[in-house]
Amino acid sequence: MVDKMQSRASSARVFRSRIPTLLVSMFATFASIYVAGRLWQDSENRVYLIKELDRIIGQGRSVISVDDTLKIIACREQHKKLSALEMELAAARQEGFTSMRSTEINGTDYKRRPLVVIGIFTTFGRKNNRDAIRKAWMGTGAALKKMENEKGIIARFVIGRSANRGDSLDRAIDNENRQTKDFIILDTHVEAPEEFPKKAKLFFAHAAEEWNAEFYSKVNDDVYVNIDALGGTLATHLDKPRVYMGCMKSGEVFSEPSQKWYEPEWWKFGDKKSYFRHASGEMYVISQALAKFVSINRAILRTYAHDDISVGSWFIGIDVKHVDEAKFCCSSWTGDEMGLPSLHGDTADREDEISTNHA
């Protein structure tokens, strides 16, 4: 009787010990099936991608990895885009720059972003300059809209407000803008020569928020721009995400208050008193990423005595491609000598020159 009871107890213990083992075995079996299934699915994905690559490039069987496959596809797409840009630039050189600003996708008209927003810095009492620019290259009304739609180039005069808010100076600008509708009026900015650096910062911030353009440009109101040459030049830099373009220079830092280009903080520029490399103030261009950088950080970006120095200083400590473009160097010759309009003359473009400064 005792032997039977011991035998039953031993059998019960063996049965109980086999239950965990059985559960572990079942779990391991299910896990193996799951992992095998995932590996098979991943293998199918790899085979599909490789077959797609073979179909696209027509090179037969391939043994490259999925990562390499995707890289090759991306590179070929980039190559197609660059080829299209080269063809567009070649056509621009033959017929004058005209960017195709819209295309049709699945029957829907899709509007592409503007190429460049040009801010023409002007001030009170310079209506003659503005009228000359409108006549020479900017246009008004339908002509201004056509330049925006066909070439993707938006041009606006940039001005602040009078220190005596609402006076005759402000009213004159408001009246002119009602007629021409070609101003950016910076309501929070007081128009004064010493405030030009802050004006540049406000313009880039405003333009980046208002227009989703590839580039943003500052131009003085005594500079006449060859739109076709500008468009063709900018099109060659679309592959650079952070570009700062202009007639690059350095120059002396003037430390005496009696000097014309006096810099109150001259001591910050080193013992030799020379500026860092920056674009000349008559005309310069920055890409969208840099304009957004200015917009986001405008509250903490330092300004100096001159707008071109201030803009150049903002890009010293970040990864920016400085492009020294000789076509942006404004000439001190008269319009007649350059084949371009004088202050009150007719329009006549010169193909290899983007800008001409009228003294």
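By convention here, the first residue in the shown sequence is residue 1.
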| In one Ile/Leu/Val/Met/Phe/Trp/Tyr side-chain cluster, 4.5 Å: Ile154, Tyr284 | yes
| field | For the student: nearest non-hydrogen atoms of Val117 and Ala213, plus distance | value | CG2-CB, 3.8 Å
| Do Ile159 and Ile185 have side-chain heavy atoms sitting under 4.5 Å apart? | yes
| said: Salt bridge check, Glu191 against Lys199: does any charged N sit closer than 4.0 Å to a carboxylate O? | reply: yes
| query | Are any of the side-chain heavy atoms of His322 and Met248 separated by less than 4.5 Å? | reply | yes
| said: Could you see if Leu202 belongs to whatever hydrophobic cluster contains Phe183? Use Ile, Leu, Val, Met, Phe, Trp, Tyr and a side-chain cutoff under 4.5 Å. | reply: no
| message | Less than 3.5 Å apart, any donor N or O on the side chain of Thr233 or Glu325 sitting next to an acceptor on the other? | response | no
| field | Audit row: Arg298, Phe204, side-chain contact (heavy atoms from CB on, under 4.5 Å) steps and yes/no | value | CA-CA 9 Å; Arg298 56 186 152 184; Phe204 285 123; over 6 Å; no
| message | When you compare the side chain of Ile227 with that of Met147, does any pair of heavy atoms fall below 4.5 Å? | response | yes
| request: Please report the shortest heavy-atom distance between Ala155 and Trp137, naming the atom on each side. | output: CB-CZ3, 4.1 Å
| request: Quick one: closest heavy-atom pair of Ala208 and Ser295, and the distance? | output: CB-CB, 4.5 Å
| Is Ile153 reachable from Tyr216 through a run of hydrophobic residues whose side-chain heavy atoms are each under 4.5 Å from the next? | no
| Residues forming a side chain to side chain donor-acceptor pair (under 3.5 Å) with Ser280, sequence neighbours excluded | Glu282
| task | May I ask you to decide if Leu301's main-chain N or O and Lys201's side chain share a donor-acceptor pair within less than 3.5 Å? | result | yes
| note | For Phe328 and Cys247 the tightest heavy-atom approach is CB-N, 3.8 Å
| message | Please enumerate all residues that pass side chain to side chain donor-acceptor pair (under 3.5 Å) together with Ser310, with sequence neighbours excluded. | response | none
| Glu210/Arg156 salt bridge by N-O under 4.0 Å criterion | no
| field | Side-chain donor/acceptor of Gln288 to backbone N/O of Phe215, under 3.5 Å | value | no
| Single-linkage hydrophobic cluster Ile133~Ile184, side-chain heavy atoms < 4.5 angstrom | no
| field | OG on Ser217 to CD1 on Ile286, rounded to 0.5 Å | value | 9.5 Å
| query | Does any donor atom in the side chain of Asn149 or Lys151 lie under 3.5 Å from an acceptor atom in the other side chain? | reply | no
| request: Check the pair Val116, Ile118 against side-chain contact (heavy atoms from CB on, under 4.5 Å), reporting the backbone distance first and the verdict last. | output: CA-CA 6 Å; Val116 60; Ile118 303 175; 4.3 Å; yes
| request: Cation-pi check, Lys321 to Tyr244: give yes when NZ or CZ is under 6.0 Å from the six-membered ring centre and within 45° of the ring axis, no otherwise. | output: no
| query | Hey, does the side chain of Asp308 reach the backbone of Gly281 with a donor-acceptor pair shorter than 3.5 angstrom? | reply | yes
| said: Tell me if a side-chain donor or acceptor on Asp170 pairs with a main-chain N or O of Arg161 at a distance below 3.5 Å. | reply: no
| query | Hey, does Arg242 have a side-chain heavy atom less than 4.5 Å from the side chain of Ile318? | reply | no
| task | Rounded to the nearest 0.5 Å, what's the gap from NZ on Lys135 to CG on Asp131? Could you check? | result | 10.0 Å
| Between the side chain of Asn226 and the main-chain N/O of Ala229, is any donor-acceptor distance below 3.5 Å? | yes
| Taking side chain as C-beta onward, heavy atoms only, is Met245 less than 4.5 Å from Leu234? | yes
| request: Identify the two heavy atoms, one from Val323 and one from His237, that lie closest to each other, and give their separation to 0.1 Å. | output: CG1-CE1, 3.8 Å
| task | Tell me, please, which residues at least two apart from Arg126 pass side chain to side chain contact (heavy atoms under 4.5 Å, CB included). | result | Thr122, Thr123, Asn129, Arg130, Asp221, Asp222
| field | Heavy-atom check, side chain of Val225 versus side chain of Met283, under 4.5 Å | value | yes
| message | Quick check against the 3.5 Å criterion: does Thr140 have a side-chain atom that pairs as donor or acceptor with the backbone of Thr180? | response | no
| With the threshold set at 4.0 Å, does a side-chain nitrogen-carboxylate oxygen contact exist between Asp174 and Arg171? | no
| query | For the residue pair Phe121 and Phe203, is the inter-centroid distance of their aromatic rings smaller than 6.0 Å? | reply | yes
| Stepwise, does the side-chain contact (heavy atoms from CB on, under 4.5 Å) test hold for Val243 with Phe315? | CA-CA 10 Å; Val243 63; Phe315 307 139; over 6 Å; no
| query | Can a donor-acceptor pair be found between the side chains of Asn164 and Ser162 at a distance below 3.5 Å? | reply | no
| Arg165 side chain to Asp187 backbone, donor-acceptor under 3.5 Å | yes
| Out of curiosity, does Val190 fall in the hydrophobic cluster containing Phe196 (side-chain heavy atoms, cut-off under 4.5 Å, transitive links)? | no
| message | For a 4.5 angstrom cut-off between non-hydrogen side-chain atoms, does Tyr224 reach Met138? | response | no
| remark: Closest non-hydrogen atoms of Asp307 and Ala200, given as atom of the first, atom of the second and distance, are CB-CB, 4.1 Å
| What is the distance from atom CD of Glu176 to atom CZ of Phe157, rounded to the nearest 0.5 Å? | 7.5 Å
| request: Drop me the distance from Ile296's CD1 to Lys292's NZ, to the nearest 0.5 angstrom. | output: 8.0 Å
| Between Lys145 and Asp182, is there a salt bridge with N-O shorter than 4.0 Å? | no
| field | Minimum side-chain heavy-atom gap Ile120-Asn220 below 4.5 Å | value | no
